[in-house]
Amino acid sequence: MADVTSWREAGSAAPAPGASGASGASGASDAGARALARDVRAGLQSTPRTLPCKYFYDDHGSRLFERITRQPEYYQTRTEQALLEEHAGEVIERVAPRELVELGSGVGRKVRLLLDAMRARGLLRRCLLLDINALYLRRSVAQLAAEYPGAEVRGLHGDFQADLQRLGPGGGRLVLLLAGTLGNIVPRRLPEFLSQVRALLVPGDGFLVGVDLVKDRARLEAAYNDRAGVTAEFNRNILAVLNRELRADFDLGAWEHVAFYDEDEAWIEMRLRSAADQRVTLPALGLACDFRRGDEIRTEISAKYTRASLEARLAGSGLRLSRWWTDAGQRFALALLQPDVAPHDGSDLPPGAAGFPSGSNG
Ligand code: AVJ
């Protein structure tokens with residue numbers, strides 16, 4: 001719901017309608033705080049107990065994720081980086097985008113490979129970053145604006161699922177969802193999400209997705225149980241977010257990190273397991289939760305795909321698999337998705353775009 005999710009523009013002169021100015025250290029606006037309260041209440045009262053993984057990414061959590069990407073067991077980031085280095089040129093050739101939109105941009109390092117390829121071809125007009133963390137977003141926007149002076153760089157502070165429609169109609173647009181973040185969407189809900197992305201595109205536009213592939217259990221589980229314990233700290237940090245934002249009293253030392261591969265679902269599941277019988281109070285919610293030793297809270301799913309299982313989820317979404325690149329070890333893939341048919345009534349084409357499937361509104 002749009003009204004409960006903060007949506008601010010960073011690094012642009014004009015504030016978004018309803019913008020409430022710079023956010024505090026936590027990055028939480030009033031609307032964001034209400035959404036957090038509602039999500040946490042629902043999650044802790046459901047069976048099994050869950051917390052939405054987007055709440056990992058406060059400033060500390062975003063930094064911890066950056067550290068995860070440098071762990072030897074976490075093959076995803078470096079594999080995707082190599083794939084982008086190799087294939088960014090071909091992606092840009094195919095789509096010829098004027099506008100790049102990155103969903104869940106984080107530190108926004110990989111986006112440069114695509115921006116460089118766009119600039120080299122004289123295509124680059126606009127870059128839009130969307131992220132849940134306001135601090136990282138502002139930093140990335142400022143850096144990219146300085147590095148690409150010819151481009152209009154904007155940041156949209158929000159949730160890439162809830163706030164997607166706010167991007168408005170496309171035309172000459174390439175949307176990115178990298179790092180395997182697609183895996184955070186429950187697979188059975190993926191077709192719906194893909195349809196929503198499709199609605200932002202016109203024929204010829206593209207959606208480039210980083211896909212973590214199904215592989216042997218040992219390698220997958222190692223990536224979420226790094227020896228240095230960074231993923232464990234990242235997982236527990238969600239409790240620190242609740243302590244700060246909801247005045248909860250989670251004892252971080254009383255929760256164990258759990259991450260395992262569920263082969264039937266083809267996803268990694270992360271949980272926090274109570275190491276003791278304990279009561280946690282969340283005064284901001286008027287809620288107290290009792291946990292027995294061994295009780296768990298699910299904090300994340302990270303779904304893994306094969307080419308076939310991803311293609312199966314494309315059915316009915318209006319997107320087709322246009323290109324598929326993998327590394328030699330078949331660990332990670334880049335999938336280029338494109339609208340599969342012309343719209344029936346042309347209503348999602350920008351004015352004047354008819355007959356010029358891509359890039360006509362640059
Ligand atoms: C940012 C969602 C791609 O699922 O691998 C890393 C998050 N969680 N280690 C992933 C994460 C634990 C990551 N994504």
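Just follow the structure's listing: the first ligand is 1, and inside any ligand the first atom is 1.
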Open item on the list: Measuring from atom CD1 of Ile268 to atom CG of Asn184, what distance do you get when rounded to the nearest 0.5 angstrom?
Closed with: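 Nearest 0.5 Å value for the CD1-CG distance: 12.0 Å.
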Task: Distance (rounded to the nearest 0.5 Å) between Leu220 CG and Phe260 CZ - done: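 Output value for this atom pair is 12.5 Å.
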So which protein heavy atom does [atom] come closest to, and at what separation?
atom                    : value
atom 11 (C) of ligand 1 : Glu300 OE1, 3.6 Å
atom 3 (C) of ligand 1  : Ala179 O, 3.0 Å
atom 2 (C) of ligand 1  : Asn184 OD1, 3.0 Å
atom 4 (O) of ligand 1  : Ser302 OG, 2.7 Å

Task: ligand 1 contact on Phe56 by region, counting heavy-atom pairs under 4.0 Å - done: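 The answer is neither; Phe56 stays 4.0 Å or more away.
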Just which atoms of ligand 1 are under 4.0 Å from any heavy atom in [X]?
X      : result
Phe65  : 1 (C), 6 (C), 7 (C), 13 (C)
Tyr224 : 4 (O), 5 (O), 6 (C), 8 (N), 9 (N), 10 (C), 12 (C)
Gly180 : 3 (C)
Ile68  : 9 (N)
Tyr57  : 1 (C), 7 (C)

Task: Main-chain N/O of Gly171 paired to Asp205 side chain as donor or acceptor, under 3.5 Å - done: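 Yes, Asp205 side chain to Gly171 backbone: donor-acceptor pair under 3.5 Å.
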Task: Side-chain donor/acceptor of Ser62 to backbone N/O of Asp58, under 3.5 Å - done: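 Side chain of Ser62 to backbone of Asp58, a donor-acceptor pair under 3.5 Å: yes, one is there.
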Open item on the list: Regarding Thr231 and Asp226, do their side chains bring together a donor and an acceptor under 3.5 Å, going by distance alone?
Closed with: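 Their side chains do contain a donor-acceptor pair, which is all the 3.5 Å distance test asks for.
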TODO: Flag yes if Leu252 and Tyr57 sit in one hydrophobic cluster, no otherwise; membership is Ile, Leu, Val, Met, Phe, Trp, Tyr, and two members link when side-chain heavy atoms are under 4.5 Å apart.
DONE: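 Cluster IDs for Leu252 and Tyr57 match.
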- [ ] Establish whether Leu190 and Ile301 are linked, either directly or via other cluster members, by ILVMFWY side-chain heavy-atom contacts under 4.5 Å.
- [x]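 No, because Leu190 and Ile301 fall into different hydrophobic clusters, even though each may have its own neighbours under 4.5 Å.
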Task: Within 6.0 Å of CZ in Arg293, more than 12 heavy atoms from elsewhere - done: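 Result for CZ/Arg293: open.
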Open item on the list: I want to know if ligand 1 touches Thr181 in the polar sense, i.e. an N/O pair below 3.5 angstrom.
Closed with: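 Among all N and O atoms of Thr181, none is under 3.5 Å from an N or O of ligand 1.
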- [ ] Indicate yes or no: does an N/O atom of Tyr74 lie under 3.5 Å from an N/O atom of ligand 1?
- [x]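 The answer is yes, given that Tyr74 and ligand 1 share an N or O pair closer than 3.5 Å.
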